[in-house]
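Written out below as structure tokens is the structure these notes cover.
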Amino acid sequence: MSALLLSGCSSSGSESDSNTLKLWHFESETSAMGIAWDEAIKIFEEETGATVEFEAKSFEQIRSTASQVLNSNEAPDLLEYNKGNATAGLLASQGLLAPLDDAVEEFGWDDKLAPSLQTTARYDEDGIMGSGSWYGVPNYGEFVEVYYNKDMFAANGLEVPTTVAELETVMQSFVDKGITPLAEAAAEYPLGQLWYQLALTQADRSWIDDYQLYTGDIDWQGPEISYATETLADWTESGYISKDSTGLKAEDAGTAFINGTYPIFFSGSWWHNRFTTEASGFEWGTFLFPEAEFSPGSAGNMWAVPENATNKELAYEFIDITMRPEIQALIGNNGGIPVAADTADITDPKSQELIGNFNTLTEQDGIAFYPDWPTATFYDELNAALQELVNGSKSATEVQTQLGEDYQSGVDDIVG
């Protein structure tokens with residue numbers, strides 16, 4: 001993708017230009033982070049006299065090419081990167097990301113991040129999160145929740161469910177009227193996150209640590225995973241999930257919810273501002289998944305500095321600007337979840353609801369990370385397995401066996 005050069009930028013900037021910050025991120029212009037970071041760019045250029053050369057990348061572009069690009073002279077000075085063992089941890093263990101310990105101490109970023117949000121910013125020599133050096137700085141939080149179409153619920157006399165049984169009753173009510181209740185996508189992350197959420201309803205923190213941090217073995221035919229996989233199979237058979245979702249991506253599911261096609265979408269807080277700006281034909285709201293103490297989520301994607309970056313000091317200055325109260329308030333009032341905002345600065349009602357749900361999770365130690373994090377290949381393996389579950393080519397037991405083999409192979413590559 002060609003560079004999108006922001007105020008004052010020119011294509012003459014080069015890797016050797018000490019007054020140019022080469023920046024990559026994958027946030028849309030209307031997202032909370034996109035809005036906030038555009039303002040941060042303006043402040044950065046005004047205060048430093050440096051120029052920002054911004055190149056827009058998609059999440060998938062960065063995920064699939066980072067190892068190659070960051071190991072070349074094409075590396076940016078600063079990029080938004082996905083957190084977790086399989087992503088930032090892998091690159092850190094390969095020496096492709098610069099350790100940020102000195103900058104963290106200099107700017108005091110650790111004082112602005114709650115301990116639970118620091119977990120995904122630090123990695124040991126094997127790339128396992130939670131300890132070791134800092135390799136990224138998150139400036140927002142994220143989690144997965146239920147979005148629902150209030151108008152469709154009201155038209156069918158339905159209330160927000162407080163138990164899984166009530167949720168199934170709600171979904172059956174829609175099926176009875178010829179409406180598929182869940183907007184889903186099995187070709188990308190949404191279905192995998194729903195699968196993990198179902199497992200989390202049966203899990204405790206010890207199981208999460210075993211799964212994510214390799215502190216113990218995972219039983220892939222055990223009650224947590226069996227409940228998740230069998231429930232997805234049942235929900236597909238019941239018509240709550242369309243078999244067509246095997247070929248759909250996250251964007252397809254999200255836009256279908258925006259268009260009012262489906263009444264329920266279980267997905268991340270990163271959709272919140274987009275729904276605020278684009279879902280204009282109906283009223284919508286959110287709630288945490290019923291009967292779940294834990295939900296997928298974490299500190300947000302991180303600012304990471306490649307080891308091959310030319311202008312690391314400029315990168316640190318830009319990161320620090322994004323942690324300022326005025327930039328954090330922009331994140332909070334535009335549908336994001338700030339990590340260092342003054343709560344009095346958050347005035348938008350929907351943003352208050354979003355941040356309130358996140359705070360509920362963090363207060364009960366309910367942030368459980370994401371299902372694909374444990375290994376570098378598990379994202380694609382999980383998607384492929386759940387596609388086979390939905391289309392009926394494999395049973396729940398067969399899917400679990402395959403996932404268990406994929407997971408263990410990846411973990412063994414990391415920890416031996």
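Numbers for residues simply follow the sequence, beginning at 1.
Figure legend: cation-pi geometry between K350 and W284, with NZ or CZ positioned under 6.0 Å from the six-membered ring centre and within 45° of its axis.
A donor-acceptor pair shorter than 3.5 Å cannot be found between the side chains of N259 and T261. With hydrogens and angles left out, the side-chain atoms of S173 and N156 include no donor and acceptor closer than 3.5 Å. Side-chain contact check for E405 and W220: no donor-acceptor pair (N or O, by modelled atom type) lies under 3.5 Å. Under 3.5 Å, the side chains of Q352 and D348 contain no donor-acceptor pair of N or O atoms. A donor-acceptor pair shorter than 3.5 Å can be found between the side chains of Q408 and D412.
Applying the side-chain hydrogen bond (donor to acceptor under 3.5 Å, both in side chains) test to pairs two or more places apart or on separate chains, those with a residue in residues 120-137 are D101-S133. Residue pairs meeting the salt bridge (charged side-chain N to carboxylate O under 4.0 Å, His left out) criterion with at least one member in residues 353-367, sequence neighbours excluded, are R205-D365.
With salt bridges taken as basic N to acidic carboxylate O contacts below 4.0 Å, none links E39 and R324. Taking the charged nitrogens against the carboxylate oxygens, K394 and E388 do have a contact shorter than 4.0 Å, which makes a salt bridge.
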Self-check item: salt bridge (Lys or Arg N to Asp or Glu O under 4.0 Å) evaluation trace for E142 with K83
Solution: CA-CA 12 Å; E142 61 179 49; K83 64 279 168 204; 2.7 Å; yes
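Classified by interplanar angle (parallel below 30°, tilted 30° to 60°, perpendicular above 60°), the ring pair W270/Y189 is perpendicular. Ring orientation note: the planes of H272 and Y147 are tilted relative to one another, at an angle of 30° to 60°.
The backbone N or O of T201 sits nowhere less than 3.5 Å from a side-chain atom of E293 that would complete a donor-acceptor pair.
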